[in-house]
Number of protein chains: 2
Amino acid sequence: MSVTIKDVARMANVSVASVSRALNGHGGVTAETQKRIREVATRLRYVPHNAARSLITRRTQTIGALLPDLHGSFFSELIRGIDLAARARGLYLLVSSSHGDATEAAIALRAMQGRVDGLLVMSPHADEAFLDENLPIVLPTVLINSHVRSERHASLDVDDFGGARAMTEHLLGLGRKRIVFIAGPEVNHDVQERIRGYRDALSTAGFGGRAAVLHGDFTEESGYHAGKQALAMVPRPDAIFAANDMMAIGCLSALAEAKVRTPEDIAVVGFDDIPMARYVSPPLTTVRIRIAELGEAALERLAAMIEAPDDAAPEPHVVSTEIVVRASCGGSDTVRRRA
Amino acid sequence: MSVTIKDVARMANVSVASVSRALNGHGGVTAETQKRIREVATRLRYVPHNAARSLITRRTQTIGALLPDLHGSFFSELIRGIDLAARARGLYLLVSSSHGDATEAAIALRAMQGRVDGLLVMSPHADEAFLDENLPIVLPTVLINSHVRSERHASLDVDDFGGARAMTEHLLGLGRKRIVFIAGPEVNHDVQERIRGYRDALSTAGFGGRAAVLHGDFTEESGYHAGKQALAMVPRPDAIFAANDMMAIGCLSALAEAKVRTPEDIAVVGFDDIPMARYVSPPLTTVRIRIAELGEAALERLAAMIEAPDDAAPEPHVVSTEIVVRASCGGSDTVRRRA
DNA sequence: GCGCGGAACGTAAACGTTTTCATGGGAGCT
DNA sequence: AGCTCCCATGAAAACGTTTACGTTCCGCGC
């Protein structure tokens, strides 16, 4: 730790400036001396002191990620994607997750200043006002799935609309005519988009009048209840599209309990492709969100902003989804990707 | 960003030294001037430049986490625990995960030097030689579940042994007499410990001779095959203890296929408590690893090492497990915690 | 032979803090 | 009144880099 650039300079009989130039490949050094300096540096196990470097270069080579209090695989996949892309670019990743309320998030956000070259923000608290309050204007920032449209920050969203539309089209293509949608919490923006996709596919097919939306809250239990409701409908639907997998699974229980066959009588599909979806009976057809890709794209975007801060922000990027066809919809067993 | 301590000093009519003292609460400043300085600082939105600070204090307030290429909830729970504890101590978290091979891990490890005050390492590549090669001696390090016993680093492990023993005792307590264990890959240290716990409970109960271990590879499929094997055994076992939940689930399929009732004829239990365990039929009794607690404990330990580097390393800490009793073992539905 | 340009390298300033040391002044004591 | 001592404050050094600016030296063209 305590071996500095001066030690290297002394051992190599050059000035610190030459060491810096040689190690950073800035030229102005003979190939020969460069080689000598490099050798001395590795022999001494010299590692540049990052703080000193950032102090003068004003770069930390680090990006910060502000994430919500998230359990489960969404979180890990997202970080995976971010981390992968970051490493590829030689960037470090400073994470701060699991902040319960807006105040905590604000503190975390503030504390990151000066530690990072850019910020990835995905937080339920991150509305426009919050960001204005807590973000310095100069810090490049990418908003992930926050549905905030701001001139000042780039954003990146999941294609909930396209995924839901594609899934609805898939069901229609299989000959299903009465498709019921089970929604989640009203305030949830993703849910809104999914409903919109569902309705859009229906009206495009000329079935606009048949749209029927039941309400749930993302839990298995609410899916179970919605399933019961669907069974009671007249005419009975021939397909149920739940806004997430957990509700779809609850729905499956309701159908099984009523001795209704899936998919023969009623097809059931979900959204998210949680790991469990593959193991329920029948295996659940669902819409997969390519979460790692989301993280990766977010980081790429951020890196671009850091390198060329003045570029006009490109149109908001949308991350693709894909339909995973399993047994529960009565189609063939494949994965279909949407661009 | 560009407002420095000098700006604050000028505005408050004091020297930079006083500002530093006031803001860090080092004393030697009148309550009155301190108040004034604080006010100016917040008004100017002054945020200290961390690089400059670390340069002189030789502290980064950051700890690094080197993690394997992990999917799923284990990863996210672990980070959750670490992050929670870190925030509570005002520490930042620099993560580097998803490095495929030892070389990548080594690079990541090296690059963290000078960026962090301490290191949390959980990596399949992190054996003794690797660490000696790539870690500076001075950097406080905590090894998570790596089963490396080193004088130089602290370590923290999951109590696989205790968990397996407790589960076996639980089955014995329910009157099961012929318990078969399905192991995982031989090389896996966790598996070894789980087998040891299983055997230990058996011999303590005087059933040492009845230990029977089948082999799997952690996949659902291998659990299915092991289940078939178990069914073919004479006399037939009355309980199956799988080394992880996925194999237990495969096992359940094998039993269902053979029209063997669970838990009436054969009890089935697993290890890990993956989210799916609750949803299979019957719901799976299993051993839960308190992963977040693992991360939390690791960070606490590391923080202690950083604050008092010369303290003798306490005995290797072991993180508790708990038995989650669901329907598949025929016991009552509770969670029992082990110390 | 002399000046000139450019390459290689060195010197020193600058980055923004913390901290040591010096300085001044006021209070308390004799 | 004068001395001492302490406390608030300021000046300046130090941390380890990068980089602008000089300096030296060599080769080349006149």
Side-chain angles (χ1 to χ4, degrees), chain A residues 1-38 40-41 44-62 90 92 111-117 136 138, chain B residues 1-38 40-41 44-62 90 92 111-117 136 138:
Chain A
M1 262 297 279
S2 53
V3 39
T4 80
I5 198 173
K6 284 182 192 165
D7 300 319
V8 179
R10 200 177 318 119
M11 293 292 286
N13 282 322
V14 291
S15 72
V16 290
S18 294
V19 176
S20 175
R21 279 187 284 252
L23 263 29
N24 294 321
H26 282 326
V29 200
T30 321
E32 183 196 5
T33 46
Q34 181 170 40
K35 181 160 169 285
R36 179 160 42 100
I37 290 172
R38 283 242 158 88
V40 172
L44 261 47
R45 283 176 172 243
Y46 167 68
V47 179
H49 193 294
N50 290 295
R53 179 182 289 189
S54 332
L55 181 57
I56 190 141
T57 58
R58 313 207 138 271
R59 278 291 182 87
T60 61
Q61 304 284 54
T62 303
Y92 296 86
M112 280 203 175
Q113 304 197 21
R115 274 176 199 282
V116 299
D117 294 339
V138 289
Chain B
M1 262 296 280
S2 52
V3 38
T4 79
I5 198 173
K6 284 183 192 166
D7 301 318
V8 179
R10 199 178 317 119
M11 293 293 286
N13 282 322
V14 290
S15 72
V16 291
S18 294
V19 177
S20 175
R21 281 187 284 253
L23 262 31
N24 293 321
H26 280 330
V29 197
T30 320
E32 183 196 6
T33 46
Q34 182 171 38
K35 181 160 168 285
R36 178 161 43 100
I37 291 172
R38 283 243 158 87
V40 173
L44 259 48
R45 284 178 172 240
Y46 166 68
V47 179
H49 194 295
N50 289 295
R53 179 182 287 188
S54 323
L55 181 56
I56 189 138
T57 57
R58 312 205 137 274
R59 277 291 182 88
T60 61
Q61 306 282 56
T62 303
Y92 295 86
M112 279 204 174
Q113 305 199 17
R115 276 177 197 282
V116 298
D117 295 338
V138 290

Distance in angstrom units between [X] [atom1] and [N] [atom2], rounded:
X: A/D7; N: D/dT17; atom1: CG; atom2: P; value: 9 Å
X: A/L55; N: C/dC15; atom1: CG; atom2: P; value: 9 Å
X: B/K6; N: C/dC15; atom1: NZ; atom2: C1'; value: 8 Å
X: B/H26; N: D/dC7; atom1: NE2; atom2: P; value: 18 Å
X: B/H49; N: C/dT18; atom1: NE2; atom2: C1'; value: 15 Å
X: A/R115; N: C/dG16; atom1: CZ; atom2: C1'; value: 14 Å
X: B/I5; N: C/dC15; atom1: CD1; atom2: P; value: 14 Å
X: A/L23; N: D/dG16; atom1: CG; atom2: C1'; value: 13 Å

Given C/dG10, D/dT9, D/dT17, identify the nucleotide with an atom nearest to the side chain of A/S15.
C/dG10
Using only side-chain N and O atoms of [X], determine if any of them is under 4.0 Å from OP1 or OP2 of [N].
X: B/R53; N: D/dC15; result: no
X: B/S20; N: C/dT18; result: yes
X: A/N50; N: D/dT17; result: no
X: A/R58; N: C/dG16; result: yes
X: B/T4; N: C/dC15; result: no

Measure the angle between the two terminal helix axes of the helix from C/dG1-D/dC30 to C/dT30-D/dA1, five base pairs each, and quote it to 10°.
60°
Return the minimal non-hydrogen interatomic distance between B/Y46 and B/V3, and the atom names on each side.
CD1-O, 3.4 Å
Give the minimum heavy-atom separation between A/I37 and A/A22, together with the two atoms involved.
CD1-CB, 3.7 Å
So, taking the atom named [atom1] in [X] and the one named [atom2] in [Y], what distance separates them when rounded to the nearest 0.5 Å?
X: A/S54; Y: A/Q61; atom1: OG; atom2: CD; answer: 8.0 Å
X: B/S2; Y: B/H49; atom1: OG; atom2: NE2; answer: 10.5 Å
X: A/R115; Y: B/T60; atom1: CZ; atom2: OG1; answer: 7.0 Å
X: B/N50; Y: B/T57; atom1: CG; atom2: OG1; answer: 9.0 Å

On DNA chain D, check which nucleotide each of B/A17 and B/T30 is closest to and give me the residue with the more 5' one.
B/T30
Return whichever of B/A51 or B/S18 has its heavy-atom-nearest nucleotide of DNA chain C closer to the 5' end.
B/A51
Side chain A/T4, main chain A/K6, donor-acceptor under 3.5 Å:
yes
Sugar-phosphate only, base, or nothing, as touched by A/T33 at under 4.0 Å among non-hydrogen atoms:
sugar-phosphate
